[in-house]
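The structure appears below as structure tokens.
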2 protein chains.
Amino acid sequence: MSTLSRARISDVAALAGVSTSTVSRALSNPDVVKPDTRARIRDAIAALGYVPDGSARALALGRGRMVGAIVPTLDNAIFARAVQGLQTTLSSSGYQLLISAHEYNPAAEIEVVRALLERAVDAIVLVGIDHAPQTFELIRASRVALLLMWTYPGQAQHGDENVAPVIGFDNREIGRLAAQHLLELGHRRFGVISGFMRQNDRARQRVEGFRQTLAEHGIRLPEANVVEQPFGYEGGRAGLKLLMQLRPAPTAVFCGNDVLAMGCLFEAQGRGIDVPRQLSIVGCDDLPIASQITPSLTTVLLPTYDLGVHAARAVLHWMKNDAMPESECLPIELVVRGTSGPPAV
Amino acid sequence: MSTLSRARISDVAALAGVSTSTVSRALSNPDVVKPDTRARIRDAIAALGYVPDGSARALALGRGRMVGAIVPTLDNAIFARAVQGLQTTLSSSGYQLLISAHEYNPAAEIEVVRALLERAVDAIVLVGIDHAPQTFELIRASRVALLLMWTYPGQAQHGDENVAPVIGFDNREIGRLAAQHLLELGHRRFGVISGFMRQNDRARQRVEGFRQTLAEHGIRLPEANVVEQPFGYEGGRAGLKLLMQLRPAPTAVFCGNDVLAMGCLFEAQGRGIDVPRQLSIVGCDDLPIASQITPSLTTVLLPTYDLGVHAARAVLHWMKNDAMPESECLPIELVVRGTSGPPAV
DNA sequence: CTGAAAGCGCTTACAG
DNA sequence: CTGAAAGCGCTTACAG
């Protein structure tokens, strides 16, 4: 306890009067060690405050029991919840989570991936399928498992081969659900507030699903009616400002996520626009605030915590069986609340 | 590229026609390697997709360039933002963040700490000063740097010695600012909605500061007027329900954080209580939503992103100079908005 | 049930 | 400017 350096397995072995092999076995495979030898080792460990050195262990074992995850940002409840689901699930199986954010800077991602690969991660989890080719190549060359989340269809394609399993939602269906709901209410003039779609397959697909469903009902969504804004309440506000300058103005707005939708709602309230009487708003995510606010937000519920849990389970399964897990598409659902209603006549 | 296992430094050395020592130097200290040797090595690395093995490197170097952080939960914007600040700052100096949450289960913390210590972390960051003695002992025995955040005063005391530097806020001052503001408005009957105070020094100190300031003005805050609730909108709602059963009912409520304050506001709105005419509410954190909602929330602004940045800088400084950094107390400020006003007469 | 020894993939004095 | 060799702290066949 009073030596200058951290206790090593040899210190424990010396104190317990056994070899380091036996200490190692007592730790990783206790059953094969005689009970009272085990007890002496346990006492020595406690006396020394011994904690095994992870890098040595990882080097000997060839795996570090860590998973690296890269998300756009933690500063959005939706990613924070998914990360929480990942972390909790991994942790309960002895894996630790290394987390990084690239703040929607795709160029940064490759460096973040490299940093993770240099830290003994056994798997990497990324958001979406839009990633630089070098990112995929580096991960493949490193022989590290790769899982993509938040998106679906089946295996992500990259060139000719299946690059990685994906666990996520049908993002086109999100736009479809929103469009159907608004069409049924009788709306005919629409606006969309989306995050930036470049390098963001989820955002793109949500808008595509929305647009396509309108098209199937004979309604064209002009480019000008789709505005891209940075995520955040301010983005939602700015988005509505732009949409309200259109002539004729839309009677219904689909927002790519709840933060944009809330911003849109705040802007409407600030302008004295009656929601949903004069304007309907549909969001996506179902953040906790969505059901609390007045009027409560009509939105598409995405089970993001579950998403993290499922992604973690897939990774754990992969590590355990050395077999690529199945892709998964989690169910989503439209939740109709107070911000949507028939258009004013 | 088509071998079954990941490229090692010896593969790079062979391909470049040099020794592993030279490859290693080219990577960590390029200046001492002849330019065209360096170029051959660079090409070999690219051709093989070589990424150094972090566990081997960490073992040889004695440090893993990772920092472990444990927060109560990521599912609260306030922790997510601090983690984001930590991560961004560490990452830009070549350190990676290992993150865990204990979900307010103090018994879980020791195991989480152990899991982190077993992964070659060079430092550990914890929230608050309330931790099990074994947690402190284990970290000390592991010779890993420890930093506490979110709390202040000076060095955290544990037994007789300074256990760790702390970087945070004066949590008593938070309660004091709220009390002063409400007293000046003319309130005399108060309620408090707090998170659970056991094992949460921040929550305790906020309430203490509030109570003490009232006492200095001759007002006693009865135990029954302080309700503890789980964090979350529902907790805030439940808290106000309880406070409203008091006779006489409080005219002003101080909430331990903005999530509780928002829940309190939603409950008031649901009951037709006019805020701030019939009830004043003061929160803490200044979440982005606080200024957007109607009425906007009077709250104490805590610079939590900065907190993460400062904590990361302190850790980096510690790693670089091998000297314990100074403790820091970050400035906070009361932001008066729409949920506070004079009591009804 | 236990120990001696080799090996995991790096780094770094040391010698040239 | 470069290479041979030892060492970081573990694990695990192998032998007993």
Side-chain angles (χ1 to χ4, degrees), chain A residues 3-41 44-45 48-66 117-122 141-144, chain B residues 3-41 44-45 48-66 117-122 141-144:
Chain A
T3 49
L4 287 131
S5 68
R6 179 168 170 158
R8 291 151 302 171
I9 197 171
S10 57
D11 300 319
V12 175
L15 188 58
V18 295
S19 74
T20 60
S21 325
T22 302
V23 176
S24 177
R25 274 190 293 260
L27 250 25
S28 57
N29 197 3
D31 299 340
V32 306
V33 175
K34 195 160 46 155
D36 69 270
T37 311
R38 222 190 298 155
R40 287 210 313 283
I41 291 172
I45 287 174
L48 295 167
Y50 171 69
V51 177
D53 180 310
S55 33
R57 181 154 219 263
L59 178 58
L61 244 38
R63 54 205 176 74
R65 295 166 304 147
M66 295 195 289
L117 290 172
E118 284 181 8
R119 258 98 179 168
V121 294
D122 303 330
S142 295
R143 307 294 188 278
V144 160
Chain B
T3 49
L4 287 132
S5 68
R6 180 167 169 158
R8 290 149 303 169
I9 197 171
S10 57
D11 299 319
V12 175
L15 187 58
V18 295
S19 73
T20 59
S21 325
T22 302
V23 176
S24 177
R25 274 189 293 260
L27 250 24
S28 57
N29 197 3
D31 299 339
V32 306
V33 175
K34 193 158 49 152
D36 69 88
T37 310
R38 221 190 299 155
R40 286 211 312 283
I41 292 171
I45 286 174
L48 295 168
Y50 171 69
V51 176
D53 179 310
S55 33
R57 181 155 220 263
L59 179 58
L61 245 38
R63 53 203 177 73
R65 296 165 305 147
M66 296 196 288
L117 290 172
E118 284 182 8
R119 258 100 180 166
V121 295
D122 302 331
S142 296
R143 308 296 188 279
V144 159

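Remember, it's a predicted structure, so these values are computed and weren't measured experimentally. Reminder, nothing fancy here: chain letters follow the sequence lines and each chain counts from 1.
Proximity of a side-chain donor or acceptor of Ser28(B) to a complementary backbone N or O of Ser24(B) within less than 3.5 Å is detected. With Arg38(A) contributing its side chain and Ala26(A) its backbone, the two residues share no donor-acceptor pair below 3.5 Å. Distance alone, capped at 3.5 Å, is enough to place a donor-acceptor pair between the Arg6(B) side chain and the Val51(B) backbone. The backbone N or O of Ala16(A) sits less than 3.5 Å from a side-chain atom of Arg40(A), completing a donor-acceptor pair.
Atom pair Asp31(B):CG and dC1(D):P shows a separation of 9 Å (rounding to whole Å applied). Here dC8(C) presents its C1' atom at 9 Å from CG of Leu59(B), a figure rounded to the nearest Å. Here the P atom of nucleotide dC8(D) and the CZ atom of Arg6(A) are 15 Å apart, to the nearest Å. Computed from coordinates, the Ile9(A) CD1 to dC8(C) C1' distance equals 15 Å when rounded to whole Å. We find that CZ of Arg65(A) is positioned 20 Å from P of dC8(C), with the value rounded to whole Å. In this structure, Arg8(A) atom CZ and dG7(D) atom P are separated by 13 Å, rounded to whole Å. Rounding to whole angstrom units, CG of residue Asp11(A) and C1' of dC8(D) are separated by 14 Å. Rounded to an integer number of Å, the gap from Ile41(A) CD1 to dG3(C) P is 8 Å.
Pairing each heavy atom of Ala141(B) with each of Leu48(A), the nearest pair is CB-O, 4.2 Å.
Base-pair partner of dA4(D): not found among the strands shown (Watson-Crick or G-U wobble, both distances under 3.5 Å). Base-pair partner of dA13(D): not found among the strands shown (Watson-Crick or G-U wobble, both distances under 3.5 Å).
Among the nucleotides dT11(D), dC10(C), dG9(D), the one closest to the side chain of Asp53(B) is dC10(C). Comparing dC10(C), dC1(D), dC1(C) by their nearest atom to the side chain of Thr37(B) picks out dC1(D). Side-chain atoms of Ala56(B) lie closest to dG9(C) of the nucleotides dG9(C), dG9(D), dC1(C).
The phosphate of dT11(D) has OP1 or OP2 within less than 4.0 Å of a side-chain N or O from Arg57(A). For dC10(C), the OP1/OP2 oxygens have a side-chain nitrogen or oxygen of Tyr50(B) closer than 4.0 Å.
For the salt bridge (Lys or Arg N to Asp or Glu O under 4.0 Å) condition, the pairs that include at least one residue of residues 8-23 of chain B, sequence neighbours left out, are Arg8(B)-Asp11(B).
Between dG9(D) and dA13(D), the distance separating the two P atoms is 23 Å to the nearest Å. Nucleotides dG16(D) and dT12(D), compared at atom C1', are 16 Å apart to the nearest Å.
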Stepwise side chain to side chain contact (heavy atoms under 4.5 Å, CB included) test for Leu27(A) and Ile45(A): CA-CA 10 Å; Leu27(A) 250 25; Ile45(A) 287 174; 3.6 Å; yes
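Contacts of residues 18-30 of chain A with DNA chain D (heavy atom under 4.0 Å): Ser21(A), Ser24(A), Arg25(A).
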